[in-house]
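Model, not experiment: these values are computed from the prediction. Labels below follow one simple rule: chain letters A, B, ... track the order of the sequence lines, proteins then strands, and each chain is numbered from 1. Computation of the quantities below employed the complete heavy-atom set of this structure, encompassing side-chain atoms and omitting hydrogens, waters and symmetry-equivalent molecules.
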2 protein chains.
Amino acid sequence: MNIGEIARRAGVSRSTVSYALSGKRPVTAETRRRIQAVIDEIGYRPNAAARALKEGRTRTLGLVIPPAGQRLTDMQLGFVASVVEAAARADLDVLLSPSGGDHDRSFERILTGSRVDGVILMEIRLEDERVARLQDSGLPFVTIGHTANPHGTCWVDVDYTTLIARCVHHLADLGHRSLALVNRSAELLATGYGPAHRAITGFTDAVAQRGLAGVGLTCADEPAAGETCFEQLRDRHPDVTAVVTVNEAALPGIQRGIERAGLVVPRDLSLAGVAARHWAEDFRPQLTAADVPTVEMGASAVDLLLERIAAPDAPVRHLLLTPPISLRASTGPVPR
Amino acid sequence: MNIGEIARRAGVSRSTVSYALSGKRPVTAETRRRIQAVIDEIGYRPNAAARALKEGRTRTLGLVIPPAGQRLTDMQLGFVASVVEAAARADLDVLLSPSGGDHDRSFERILTGSRVDGVILMEIRLEDERVARLQDSGLPFVTIGHTANPHGTCWVDVDYTTLIARCVHHLADLGHRSLALVNRSAELLATGYGPAHRAITGFTDAVAQRGLAGVGLTCADEPAAGETCFEQLRDRHPDVTAVVTVNEAALPGIQRGIERAGLVVPRDLSLAGVAARHWAEDFRPQLTAADVPTVEMGASAVDLLLERIAAPDAPVRHLLLTPPISLRASTGPVPR
DNA sequence: TTCAACGAGCGAATCGATTCGACGATACGT
DNA sequence: ACGTATCGTCGAATCGATTCGCTCGTTGAA
């Protein structure tokens with residue numbers, strides 16, 4: 001079912017079939033009809049590899065996701081879903097690369113084999129070798145999240161610093177004087193994971209600004225760690241009345257710890273953070289949180305990438321979102 | 001950076017470079033060394049499109065996922081992650097196709113453009129047009145889940161019928177005499193979604209076998225619906241003391257409904273079902289459930305697919321798993 | 001010494017689609 | 001009536017890698 005077969009059956013040359021399909025040169029209505037009839041009959045679709053080879057583009061985007069070993073958070077999942085969705089709307093396919101380490105075969109394949117027209121990268125660290133690799137590979141790319149030096153690259157991100165600060169202010173307004181930040185894992189922090197560091201900045205600054213007591217903790221991204229983490233917090237800082245967190249994955253465990261301590265949210269302890277909207281709504285009690293607009297961010301990432309592919313030399317663009325905090329049921333006045 | 005450039009710089013012909021890389025014909029150590037030096041210097045990787053065109057295979061698998069509009073359940077996410085992981089281990093890339101309706105452009109692209117060597121399909125309905133499309137497209141494929149007529153295709157699935165029956169027996173053993181099944185959405189049931197139908201079969205048979213009272217309900221795949229669903233259940237069937245469910249997504253809502261009714265699990269009501277392991281463990285209280293081995297299933301699906309690609313005419317193979325039920329904290333003796 | 005076998009490398013064909021230049025044929029302006 | 005656009009179509013080159021057939025030396029056995 002190649003173009004030659006179609007041409008033979010329709011009694012025209014291969015180039016005429018191609019022009020009839022692309023419309024890049026005029027073709028008589030009658031000829032077009034005959035070609036279309038043959039195509040409808042035997043169900044022809046141009047071979048993707050041949051087209052990619054000739055045109056020099058693949059109509060495919062690469063999406064680099066965290067390795068499958070670690071579970072994706074709802075937020076990450078939201079990005080993946082919306083990127084795939086947005087790409088499908090533009091008639092583009094998405095190639096997935098689960099890439100963790102820096103010597104990842106899948107990652108290297110994607111960026112050296114001319115397999116994709118552009119790449120979207122998530123889970124960005126402040127100093128990220130993958131970003132550097134992409135930069136000198138010359139392949140257009142957009143990141144969801146941004147590095148410490150954000151000016152050279154295209155990215156989309158939420159303003160963690162501000163969001164966390166707003167959580168602190170919200171809690172301060174409710175009368176809380178002693179707050180804890182439950183951050184992402186110590187490993188992520190050590191490797192310079194952006195959101196983890198920005199959370200600290202936002203927390204520390206806001207706490208200082210309001211003259212509050214603040215303690216920061218790291219916690220592995222899993223419920224069990226959340227439980228342990230809360231127990232430690234309870235142990236060492238019993239005066240804390242409100243917890244701010246960017247660690248979605250640990251929250252169920254934190255809540256379990258809270259219950260086991262015989263406490264009730266928000267009566268005895270307030271809880272606020274940054275999370276995907278669905279996640280915050282499904283939490284019990286519903287979580288007061290900055291709802292990260294994953295759908296919008298994924299779509300914007302694809303848009304930026306398409307712009308960049310079309311005009312690789314245009315100045316880079318960024319998108320820093322600051323969604324409002326949705327007040328739900330997990331925060332309340334400080335207990336007396 | 002094409003093979004011709006390498007050949008020129010190494011002072012050999014293009015074919016020699018190709019043979020040096022593939023090893024399909026002997027090449028002098030010295031020549032090979034010179035070629036490798038050039039490659040290392042300018043960083044050459046063979047163009048994927050050209051190779052696919054010549055070889056007739058793309059080293060890429062297609063993975064068809066539910067459309068992004070609906071959130072993926074933890075179980076579905078588990079499949080995606082493990083398929084991608086298993087494919088990466090075999091040095092294969094994965095192309096994602098979010099395909100809902102039957103006239104989906106992304107789906108059609110994947111199976112007609114020679115874009116992939118094989119396809120993995122999830123969320124299978126008893127009568128599934130996509131399976132039919134794939135069958136007469138001639139493209140090798142494996143499904144996660146199976147149709148009403150399972151003999152013609154390769155698939156991997158869990159034995160929902162048996163698992164649900166086991167849940168019923170477990171609850172019957174605990175003394176429960178009146179059970180409810182909270183199924184997936186009415187739409188899914190109407191479109192013939194396999195697990196939803198098999199859940200009914202397993203539930204009805206086991207309930208009959210043990211002489212219990214059983215009521216079946218459908219419930220949209222979201223927490224809010226779970227809450228409503230539980231209220232209705234409470235209203236119309238106040239005698240029910242145990243709920244069996246295959247609807248992961250609705251469970252948080254069901255639990256919310258239970259709490260609002262002032263009940264405590266498992267003291268007043270037992271809860272059991274089928275879910276991804278992490279999900280069951282993170283639930284509060286931890287859920288007694290058949291843990292669907294998503295990692296193993298995804299890996300098996302890839303294995304089966306690779307076999308099928310290598311030998312398209314070999315007899316089809318199936319894999320029907322029946323993981324044990326993990327007893328956790330959500331089931332207990334019937335209240336008196 | 002001669003001839004077969006083999007090792008190492010080269011040239012050309014091939015995969016399927018796109019695209020450029022060219023070539024009749026028709027229409028049009030002068 | 002003649003030159004010139006314009007239309008519709010064709011043939012051939014091209015993208016980059018693989019692979020088949022062939023050649024030229026060298027080696028080893030007869």
Show the atom names and distances, to 0.1 Å, of all donor-acceptor pairs under 3.5 Å that link a side chain in residues 140-147 of chain A to residues at least two apart or in another chain.
residue: T143(A); atom: OG1; partner: G145(A); partner atom: O; Å: 2.7
residue: H146(A); atom: ND1; partner: D157(A); partner atom: OD2; Å: 2.7
residue: H146(A); atom: NE2; partner: R198(A); partner atom: NH2; Å: 3.4
residue: T147(A); atom: OG1; partner: N149(A); partner atom: N; Å: 3.4
residue: T147(A); atom: OG1; partner: N149(A); partner atom: O; Å: 3.1

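At the heavy-atom level, T31(B) lies under 4.0 Å from the strands shown only through sugar-phosphate atoms. When heavy atoms are screened at a 4.0 angstrom cut-off, S18(B) is found touching base atoms of the nucleic acid.
A donor and an acceptor atom sit less than 3.5 Å apart, one in the side chain of S15(A) and one in the base of dG11(D). Interface remark: the Y19(B) side chain does form a donor-acceptor pair with the dC20(D) base, using a distance-only criterion of under 3.5 Å.
If you check the side chains of S15(B) and S13(B), you find a donor sitting under 3.5 Å from an acceptor. Counting only N and O atoms by type, the side chains of T58(B) and D117(B) include a donor and acceptor under 3.5 Å apart.
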Using atom names, set out every protein N or O paired with an N or O of nucleotides 22-26 of chain C below 3.5 Å, distance rounded to 0.1 Å.
residue: dA22(C); atom: N6; partner: R25(A); partner atom: NH1; Å: 3.4

Pairs: protein N or O with nucleotides 26-28 of chain D N or O, under 3.5 Å:
none

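Which of dG9(C), dT9(D), dG11(C) sits closest to the side chain of V27(B) comes down to dG9(C).
Every residue was checked against the salt bridge (Lys or Arg N to Asp or Glu O under 4.0 Å) condition with R45(A), not counting sequence neighbours, and none meets it. With sequence neighbours left out, R14(A) forms a salt bridge (Lys or Arg N to Asp or Glu O under 4.0 Å) with no residue at all. The side-chain contact (heavy atoms from CB on, under 4.5 Å) test applied to L319(A) returns V156(A), S300(A), L321(A), not counting sequence neighbours. Under the rule for a salt bridge (Lys or Arg N to Asp or Glu O under 4.0 Å), R308(A) has no partner lying at least two apart in sequence or in another chain. When the salt bridge (Lys or Arg N to Asp or Glu O under 4.0 Å) test is applied to E41(B), no partner is found at least two apart in sequence or on another chain. With sequence neighbours left out, the ring pair (Phe, Tyr, Trp, His ring centres under 6.0 Å) criterion links H278(B) to no other residue.
Near DNA chain C, defined here as any heavy-atom distance below 4.0 Å, the residues from residues 35-61 of chain B are L53(B), K54(B), listed numerically. The stretch residues 1-12 of chain B touches DNA chain C through G11(B), V12(B), each having a heavy atom under 4.0 angstrom from the strand.
Legend: salt bridge (charged side-chain N to carboxylate O under 4.0 Å, His left out) pairs involving residues 56-66 of chain A, not counting sequence neighbours, sorted by first then second residue: E55(A)-R57(A), E55(A)-R59(A).
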